2 protein chains.
Amino acid sequence: MNRRRSTIKDVAREAGVSVSAVSRAFSGGSLSADKKTRILQVAGTLDYRPSSAAQSLVRQQTRSVTLVTGRMHDPFDSQFLEALAEALADSGRRLIVAPASKQADLSGGVYQAIDDRSDAVIIAAGTMPLDASRACVRIGLPVILAGRILDTPGVDAVVAANCDGGRQAAAMFLRGGCQRPAWFGVERPSFSNDERLAGFHAQMAAAGIEPARFEAGGRDDEAIFEAASRMLSRSDRPDAVFCATDRLAFGVLEAAGALRLAVPRDLAVIGFNNVPAAARRSYRLTTLDYPVARVVAEIMEILEARLAAPGLAPIRRRIPVSLIVRETTR
Amino acid sequence: MNRRRSTIKDVAREAGVSVSAVSRAFSGGSLSADKKTRILQVAGTLDYRPSSAAQSLVRQQTRSVTLVTGRMHDPFDSQFLEALAEALADSGRRLIVAPASKQADLSGGVYQAIDDRSDAVIIAAGTMPLDASRACVRIGLPVILAGRILDTPGVDAVVAANCDGGRQAAAMFLRGGCQRPAWFGVERPSFSNDERLAGFHAQMAAAGIEPARFEAGGRDDEAIFEAASRMLSRSDRPDAVFCATDRLAFGVLEAAGALRLAVPRDLAVIGFNNVPAAARRSYRLTTLDYPVARVVAEIMEILEARLAAPGLAPIRRRIPVSLIVRETTR
DNA sequence: CCAGTGGTTGCAAACGATTTCAAACATTTC
DNA sequence: GAAATGTTTGAAATCGTTTGCAACCACTGG
């Protein structure tokens, strides 16, 4: 039961070569073929593998990326995480996830990224504190905002074409001849929430209609359901509701079901994100598709670009969204 | 635009002290109060923070844990990841996620954990390859299997009380007076799938009943729905179905809806996991609660125990599951 | 035979921190 | 005032790897 991990020195001694030779056997460099195979064989019996900590130290780069993420209350978040982890693995990097749930303070995760000398930090939750962001910019750590916000200077961002999505939803409702459209947003307004509303409102205004506005009463499904029920029990009940997220839309559909409203005849509903559940038989939700794969691809591109040319001006990418028409609209 | 990150030496020079002093200011150690504040202040203006790579090197520990995970097709997986990340953060460790989607080969992720000198590797997907597992045991890297399998020697595991869950489901069906119970499992049988079936089958057998067995035709929701529809269209259609996961149960409920079967009168359904969606109005699924928080807590305990006493015999923990009765059973 | 060439090798200096050790200093006790 | 004790301090060794450099080797061509 030998606890100590074998090091490059052990392998060198055992194989009767210098440490440089061992290093070159693993990381490449001129080395005769027979010596290389012998070294690898010895390394195998000793269970030796180079320590990435020591490598990062001397190479001055870690090939790791930190993702700062909050509560993943939306299935979209886990899809995103999975796709991101995979894309990073393909580019030979590891993903470190730093949860930021503690009162939505991201700085902890950001500072962890700094300590780890990550290649970049990707932020997918909450609001970026200004001082942490400044620190990143000063030390040249690329910061990429994902899907949510872009209110801090010097950082890159990829976000959905939220306004356009709102406009598409409004257009769809108008085509369907709706009379009393409404907006159903999240409890605490966020960047994307507000943009989606803005687009929806603008398009409706262009048709001379002022949509009503409602909000979910809380974070959990029950609170959402309650708020949706209240909205649909009013005398001037809306006949078309655009929801900030699919999750809200599910609540609306369930409330409609409980109130025996026929969808889409009495009530049309549109969501946002196109999470897998939206396609289920129970919902068949018309929604705006926000393609995760595309988001991740853009992030990877930004990452490479930034790493290649650190001085670049902030990059902002809008991901187009497209309306997936299912059975909750007419 | 100074690209080079400042090091402990820069701070020492700037503050007019030795590097030891700076180290002590950050990591603790005897140091006069005024000197400490001065150092921290200088470090602040220089944006200095200790490099964790260098720290791990000299301290011989990384305070990181690697999670090897596959496709997160079940919401349960993302809940698990989130809870785990948080628990680890609380214990001052970071979470590295290594995706193992490529033809379900885990060894890549496991070797990454080895390279990273992680404190432990947690495996939540697929089957552990024997050689990778052996390597971990030899070098003393703790391996913890989560929720799925325990067929490899020398590794710890925490799994649901799957058999017991199956028995509870069977008992519930029997109490409700079902006549033709059935099992609905995943396409490619897995450890937990099989255990759940075994428990269900045993309890039914004790009552002199042999349940029918069906399988989902594929991984995606559509394939599950098709298989469920076929199952419910048979002349000897089951009147009670126990599903290996909630996700399968949703498919069954939707198929039942499409066939105009009344739940729970014509058909009772029980799932497994109690994912958040199971509580939704659209499903109100009776299911076995597999408490994520508990799973994570056990993992953390095992982790600490293993780190404190590496020579320990393999630890196996069963997490009790409890039946949550909603509206899909009578 | 000798200079030139090109591929292998190993030494030793980094990389950025911590920590042991002994010296220096300050404080208490007799 | 001296000895004993305790607290700060910095020099230097260390962690495990990579890599620039120079030495060495075996050839090749003149």
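Order of the sequence lines fixes the chain letters, A, B, ..., with proteins taken first and strands second; residue numbering starts at 1 for each chain. Just so it is clear, the structure is predicted and the values come from calculations on it, not from any experiment.
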Check: B:Ile96 main-chain N/O paired with A:Arg94 side-chain donor or acceptor under 3.5 Å | no

Assign a letter to each nucleotide of nucleotides 8-20 of chain C from its 5' end: B, base within under 4.0 Å of a protein heavy atom; S, sugar-phosphate only; -, no contact.
-> BBBBB--BBSBBB

Sequence neighbours left out, what passes side chain to side chain contact (heavy atoms under 4.5 Å, CB included) with A:Thr62? Give chain and number order.
-> A:Ser56, A:Ser64, A:Arg117, A:Asp119

Does B:Arg93 come within less than 4.0 Å of B:Glu304, counting only side-chain N to carboxylate O?
-> yes

Interatomic distance, CG@A:Leu67 vs OG@A:Ser118, rounded to 0.5 Å, equals 10.5 Å

Kindly write out the residues that satisfy ring pair (Phe, Tyr, Trp, His ring centres under 6.0 Å) with A:Phe80, not counting sequence neighbours, or none if the list is empty.
-> none

